[in-house]
Amino acid sequence: MSICQVQVQGQQRPERSPLPGQGRDINSQRDTIPGLERLQIRNFDRSVFEVRDSGNVQYLYGNVRAFQDSTFFFSDTAMLTDGALTAWGNVTILQADTIQIFADSLYYDRDSSYAELHRNVVFINGDQQLTTQVLYYNIKEKIAYYTGGAILSRGDSKLQSRRGRYEANNKMSFFERDVRMTGPDLVLRSEALIYMMDEDKVIFVAPVRMQTSDATIYCEKGFFFMGEKKGEFEVNAQYTGDERKVTGDKIVYNDQTKEVLVEGKAVFITEDGWGSAEILEYSENNADIILLGDAHFFNQENEVKGERIIYNDETGDLFVAGNAYLSREQTTIEAYNIQYNEKLGTGNIEGNIVWTDTVSKIQVICDLMDILGGESDEVKAYNYVSKPLMMVFLEKDTMFITSDTLTSIEYKDSLENVNKLLIGDNDVVIYKHDIQARSDSMTYFITDSVFVLTQNPFMWSDSTQFSADTISIFLKDDKVDKVIMSKNSLIINTEDLKFFNQIQGREVVAYFVDNAINNFVVQGNAMSIYYVKEGDAYSGVNVTECSTLRFDFRNNEISDIRGYKDVKQKMTPMLKADHNNLKLDGFIWIFDKKPQLHKDFNVPQYVY
């Protein structure tokens with residue numbers, strides 16, 4: 001091999017004759033890629049030419065500058081061969097007024113427009129800066145890539161990966177393997193993603209986990225705008241923040257407003273509950289959770305269903321709309337709208353309300369309901385026009401009750417025993433197949449299964465009418481066990497609406513067997529008027545006065561009458577009796593007021 005060296009000094013490359021053995025200037029050749037200008041050496045301090053059998057070589061020293069197709073090359077030292085430029089020391093590439101590249105060394109293939117830069121490489125494009133140790137760059141296509149790790153910086157954001165591809169013309173970048181992107185209060189990790197430069201947008205093409213100051217988000221597909229701090233996350237999307245986890249088909253997250261929107265099969269989980277819906281909206285600022293479409297929510301205190309649920313676990317506020325359902329402790333509520341605060345135990349309910357005590361087997365149907373809470377856990381039910389309906393479901397029967405207002409109260413006595421009351425105010429009407437009643441006030445002691453009727457109460461059993469200042473109905477095993485009538489008690493019975501059997505006393509206790517009167521005892525100033533029959537005809541009327549009277553029944557008819565202490569009796573033939581005056585004090589016959597199921601009650605179809 002023969003080598004010939006020629007040295008040239010000067011700031012500007014001089015014009016010269018072709019080198020020996022080459023027949024032309026090695027810089028006079030054009031690159032083989034169509035449309036590219038030839039590489040031109042514009043400046044150097046000193047150069048050395050080597051003529052080799054394998055090709056000519058030109059060494060350039062000091063302030064080397066070269067140019068090709070609007071791209072400028074700068075370095076301290078360079079080596080120019082037939083097909084390539086190799087440069088060392090303070091290597092700089094300037095391209096199209098926007099791209100700047102700095103490195104310690106450069107290898108540039110003039111024919112392919114391919115550059116390879118090594119050590120301390122800095123690639124700058126506008127406000128973006130890519131740093132790495134080895135960078136491969138296609139100057140014509142403006143595509144850079146690396147395989148040994150790099151960091152892309154833009155403002156407060158940084159993106160690093162082991163491999164990457166930067167396309168300046170398309171304004172997009174591809175990053176692979178150990179991808180990590182950081183910004184103010186944000187860290188994003190993945191194995192692959194795409195970055196759209198103009199939009200400052202990250203596109204997820206592999207599973208990604210993003211962590212903000214308030215939450216962690218995972219997905220396998222989606223995008224995120226770094227500047228605006230908002231994006232969409234799809235495929236196994238999960239959001240975790242503030243002791244809350246959310247999943248769904250798609251999560252839309254805005255880190256600036258701290259708002260989360262979940263679309264499709266949305267589920268959220270907290271420390272003490274969970275919820276699901278077609279759409280979920282959540283705000284980290286006010287802790288509101290909005291569930292839309294087939295919404296379901298459950299925690300330690302409540303189970304809630306509806307078309308729309310709004311819940312705040314900090315304040316305890318709960319709103320349910322559209323086929324609303326609320327279950328708390330042993331009660332359930334169905335309605336159109338439910339507004340409730342689980343911490344205060346208060347709320348308002350409206351529209352086709354069905355309130356059910358699942359333990360006591362009681363159901364209330366009404367238009368409006370107020371949950372007043374407090375130590376008594378008071379609940380009031382009323383209607384717009386008609387009256388609310390209460391149903392007590394017994395073993396083989398149902399007791400129907402209406403009044404202008406129905407109130408439920410729950411309290412603890414001195415022994416910490418829980419007691420429940422249901423109170424009816426104004427125009428109370430009761431129907432059971434064997435007992436019916438009316439009064440202006442009713443209290444149902446649920447724990448003891450006792451109904452107490454006051455304020456002008458009347459009760460009917462078959463063809464018998466009962467009245468007193470107070471009537472107490474005792475249930476046992478879901479059947480009427482006894483009835484106690486206190487003060488001004490009066491019992492009236494008739495078979496023909498002409499002659500009336502009457503019983504009066506201070507107190508009457510009636511005992512029932514199989515929902516029929518078995519006997520009753522009248523105590524205190526007892527008095528009876530009883531029409532005696534022989535066969536089908538009346539033979540006379542018997543008036544009895546004593547301290548105590550006992551009446552026994554068989555087949556719903558009086559079979560025996562006994563008087564005790566100071567008994568006075570008088571039997572008068574029918575023709576001699578003054579029937580119009582045979583009326584005890586307080587006599588009033590209002591059998592037409594006896595409640596009828598289909599007339600006095602709007603009973604729902606499902607009860608039949």
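As the structure is a computational prediction, the values presented were derived from the model and not from experiment.
- Proximity of Met79 to Val57: side-chain heavy atoms (C-beta onward) are separated by under 4.5 Å at one or more points.
- Taking the six-membered ring for Trp and the full ring otherwise, Tyr137 and Tyr145 have centroids separated by 6.0 Å or more.
- When side chains are defined from C-beta on, Ile143 counts as touching Arg165, because their heavy atoms get closer than 4.5 Å.
- Under the 3.5 Å distance criterion, with hydrogens and angles disregarded, no donor-acceptor pair is assigned to the side chains of Asn348 and Gln339.
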> ring pair (Phe, Tyr, Trp, His ring centres under 6.0 Å) between Tyr239 and Tyr218: does it pass, once the steps are laid out?
Replying inline: CA-CA 7 Å; Tyr239 167 96; Tyr218 171 87; over 10 Å; no

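- Side-chain atoms of Glu141 and Asn138 include no donor-acceptor pair closer than 3.5 Å.
- Applying the side-chain contact (heavy atoms from CB on, under 4.5 Å) test to Ser161 and every residue at least two apart in sequence or in another chain returns Tyr146, Phe175, Val179.
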> Given Thr407 and Glu378, is the side chain to side chain contact (heavy atoms under 4.5 Å, CB included) satisfied, shown in steps?
Replying inline: CA-CA 7 Å; Thr407 304; Glu378 185 174 347; 3.6 Å; yes

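- Looking at Glu281 and Val260, their side chains never come closer than 4.5 Å, going by heavy atoms from C-beta outward.
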>> Working note: Leu135 + Phe123, criterion side chain to side chain contact (heavy atoms under 4.5 Å, CB included); need CA distance, chi angles, decisive distance, verdict.
In response: CA-CA 9 Å; Leu135 183 70; Phe123 181 101; 3.8 Å; yes

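- At a threshold of 4.5 Å between non-hydrogen side-chain atoms, the residues Ile333 and Ile353 count as touching.
- Side chains of Asp104 and Asn120: a donor on one and an acceptor on the other come within 3.5 Å.
- With a 4.5 Å cut-off on side-chain heavy atoms, Ile124 and Phe102 count as touching.
- The closest side-chain donor-acceptor pair between Glu303 and Tyr325, if any, does not fall under 3.5 angstrom.
- The aromatic rings of Phe225 and Phe223 sit perpendicular to each other, their planes meeting at more than 60°, with 30° as the lower class boundary.
- Checked against Tyr195 for a side-chain contact (heavy atoms from CB on, under 4.5 Å), the options Lys171, Met181, Lys201, Met172 give a single hit: Met181.
- Proximity of the aromatic rings of Phe67 and Phe73 is defined here by a centroid distance below 6.0 angstrom, and this criterion is not met.
- When only modelled atom types and interatomic distance are considered, Thr356 and Gln363 share a side-chain donor-acceptor pair under 3.5 Å.
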>> Between Asn302 and Leu326, does the side chain to side chain contact (heavy atoms under 4.5 Å, CB included) criterion hold? Intermediate values first, please.
In response: CA-CA 7 Å; Asn302 306 303; Leu326 170 64; 3.8 Å; yes

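- For Arg46 and Tyr59, the side-chain atoms include no donor-acceptor pair closer than 3.5 Å.
- Between Arg180 and Leu188, the closest side-chain pair of non-hydrogen atoms is not below 4.5 Å.
- Looking only at side-chain heavy atoms (C-beta outward), Phe174 and Arg163 stay at 4.5 Å or farther from each other.
- The closest side-chain heavy-atom distance from Leu80 to Leu39 is below 4.5 Å.
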> Run the side chain to side chain contact (heavy atoms under 4.5 Å, CB included) check on Tyr311 and Glu342 step by step: do they pass?
Replying inline: CA-CA 10 Å; Tyr311 175 67; Glu342 64 181 15; 2.7 Å; yes

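- Checking side-chain atoms of Asn341 against main-chain N and O of Thr315 turns up a donor-acceptor pair under 3.5 Å.
- Checking Asn254 against Glu259 by side-chain atom types alone, no donor-acceptor pair falls below 3.5 Å.
- Classification of Lys258 and Asp214 as a salt-bridged pair holds, one side-chain N sitting under 4.0 Å from a carboxylate O.
- Among all heavy-atom pairs drawn from Ala335 and Ile349, the shortest one is CB-CG2, 3.3 Å.
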